[in-house]
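A short write-up of the structure that comes next.
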Amino acid sequence: MSVNTPTRDSFSNKFGIIAAAAGSAIGLGNIWRFPYVLGESGGGAFLLIYILFVIIIGVPVMISELLIGRRAQLNVFGAFRKLAPNRYWNLVGVMGVGAAFLILAFYSVVAGWTLQYVYLSLTNALSGRTPVELKAVFENVQQSGGISVFWTLLFLGGTAYIVRSGIEKGIEKYTKVLMPMLLVIILVLIIRALTLDGASAGLNFLFNPDFSKITSDVILEALGQAFFSLSIGMGVIVTYGSYIKKTESLGGTALSVSLADTLIAVLAGIAIFPAAFAFDMAPDQGPGLVFITLPNIFNKMVGGYIFGLMFFILLTIAALTSSISLLEVVVAYFTEELNLSRPKATWIACGIIGVLAVICAFNSLVFNVFDKVSSNVLLPLGGLLIVIFVGWIMGAQKPREEIEADGRKAHYYNGFLFVIKFVAPVAIALVFLKGLGWI
Ligand code: PHE
């Protein structure tokens, strides 16, 4: 096994870590899923609860995952095997690897749609169309079966290609360039969206909370979305944490990544809702929101062709930097626990995910089940067990030692400990049980 040898691959520096971890966090979850889930869940009130969850649950879970990974220097399954007093905790690792398969399956399908939109933009098939026609284009893409499988598998192949090359020369190299580009494009889109007639209704929807819209379902959705968007609760961050050098700050990393992720989600909302309202489109139309509203904006823009094309290219890239982190969870597990070579592990994982993805592409029920079960069940459950593990099982010394391994005193440590011991577990458990209708 290549475990614990000095040759274990790692990120080269702080920017590399943040680009990779933010690359994982920022993806379809921010630009595709966040706006439509918010749209279906009533707008501003959802945003408030979402941000609250990111602060009181997201950041502490992320720090916990980072410290587990860096302490163990192993994949998520191996990490629990090494650090836990008994083997039942390995189940958290098993659940994480399982969640990676499910998420990647439906994620690749949406990324496939995105790739197909790159093609449609390139061939100018979206310009000059009315809002109604654009809606029909999306429905076609969604129901195209075989064609959709082609783009999905192409995307999965690209993911495998990068993961196969390792951490510094694969994941880090690409994310460092691609993530800053994404930010620039979103800012340009926001300027156009905000200068459309009737844009203010969209901003109202996003920022004016209507508390009558809050139900236990909405709260569970917000929790699930926070976990999904931050890539926490299933071992991506444990795995990436294992590639972070001891000299780097874990608290700082978690904070920067969570901030960047939330910022991009809110920015995506600012780009999308004003446009949706300006074109008289309902904000609660589900998964089609981004694929239908944004082409409408591009049609109204000077240079819409090039911006539209760039947007879908960058969305594909955002999806890619997330999907590589998901695949890395499985590949790290296969190489370290099953002793497979990296290329072999990558292709085997991809083969299994490919089959699941094809099922998702043809069957929207399976697609929805994979999405909801992973975001609203597996990730919160994983997060709950992770904070309990760090707060109650790892012992008083180890978490602190790992957080302060960079030589700086963590003044926030006692607050962090209080949150992961009491606040986060109780909050996750309550939302979870209530959302499932058990209390
Ligand atoms: N956070 C990613 C996104 O927002 C999706 C993801 C979920 C990635 C879970 C890894 C783990 O698109």
Side-chain angles (χ1 to χ4, degrees), residues 18-38 50 53-54 58-59 61-62 65-66 69 75-76 92-93 95-114 155-156 159 162-163 171 175 178-179 182 186 221-241 254 257-269 287 290 314-333 349 353 370-383 386:
I18 293 184
S24 168
I26 298 169
L28 296 171
N30 305 61
I31 301 164
W32 164 71
R33 200 173 188 280
F34 175 80
Y36 95 75
V37 171
L38 180 139
Y50 175 80
F53 282 157
V54 170
V59 177
V61 172
M62 196 179 284
E65 284 200 36
L66 286 170
N75 66 88
V76 61
V92 182
M95 226 169 70
V97 175
F101 278 107
L102 296 194
I103 297 176
L104 253 182
F106 78 85
Y107 205 83
S108 314
V109 174
V110 183
W113 298 343
T114 312
F155 176 81
L156 208 49
T159 304
I162 295 178
V163 170
I171 298 177
T175 48
L178 303 172
M179 297 316 291
L182 180 74
I186 292 191
E221 281 296 330
L223 184 74
Q225 175 61 26
F227 271 89
F228 184 82
S229 187
L230 294 171
S231 302
I232 53 178
M234 46 80 59
V236 160
I237 306 293
V238 172
T239 310
Y240 274 15
V257 171
S258 307
L259 251 171
D261 186 65
T262 308
L263 184 74
I264 298 283
V266 173
L267 289 179
V290 122
L314 288 172
L315 189 57
T316 309
I317 289 161
L320 195 61
T321 56
S322 300
S323 63
I324 55 184
S325 73
L326 286 157
L327 187 58
E328 179 60 27
V329 168
V330 183
V331 169
Y333 167 73
I353 294 158
F370 280 17
D371 177 354
K372 291 290 174 209
V373 166
S374 54
S375 310
N376 295 355
V377 182
L378 293 179
L379 303 188
L381 198 58
I386 285 165

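We count ligands from 1, going down the list as the structure has it; atoms in each ligand are counted the same way. For reference, positions follow the sequence shown, starting with 1.
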Close side-chain approach of I103 to F106, heavy-atom, < 4.5 Å
yes
Proximal atoms of ligand 1 relative to G29 (non-hydrogen, under 4.0 Å):
3 (C), 4 (O), 12 (O)
Tell me if a side-chain donor or acceptor on Y333 pairs with a main-chain N or O of G93 at a distance below 3.5 Å.
no
Looking only at protein heavy atoms, what sits closest to atom 12 (O) of ligand 1 is Y107 OH, 2.4 Å
I need the nearest protein heavy-atom contact for atom 11 (C) of ligand 1: residue, atom name and distance, please.
L326 CD2, 3.4 Å
Taking only heavy atoms of V236, which atoms of ligand 1 are found under 4.0 Å from at least one of them?
10 (C), 11 (C)
Can you tell if the side chain of M95 reaches within under 4.5 Å of the side chain of L378, non-hydrogen atoms only?
yes
Criterion side chain to side chain contact (heavy atoms under 4.5 Å, CB included) on S374 and M234, from CA distance to verdict:
CA-CA 9 Å; S374 54; M234 46 80 59; over 6 Å; no
Do you see a donor-acceptor pair shorter than 3.5 Å between the side chains of S24 and Y240?
no
By number and element, which atoms of ligand 1 are closer than 4.0 Å to a non-hydrogen atom of L28?
12 (O)
What protein heavy atom sits nearest atom 8 (C) of ligand 1, and how far off is it?
S231 OG, 3.3 Å
Per-atom contacts, ligand 1 versus N30 - under 4.0 Å to a heavy atom:
4 (O)
What atoms of ligand 1 come within less than 4.0 Å of a heavy atom belonging to M234?
11 (C)
What atoms of ligand 1 come closer than 4.0 angstrom to any heavy atom of S229?
1 (N), 4 (O)
Residue pair L182 / I317, side-chain heavy-atom distance below 4.5 Å
no
Do S323 and F155 have side chains that get closer than 4.5 Å, going by heavy atoms?
yes
Identify the closest protein heavy atom to atom 3 (C) of ligand 1: which residue and atom is it, and at what distance?
A25 O, 3.2 Å
Could you check if a side-chain atom of D371 sits within less than 4.5 angstrom of a side-chain atom of F228, using non-hydrogen atoms only?
no
Considering only the protein, which heavy-atom contact is closest to atom 2 (C) of ligand 1, and what is its distance?
S24 O, 3.2 Å
Atom 7 (C) of ligand 1: closest protein heavy atom, distance to 0.1 Å, is F228 O, 3.2 Å
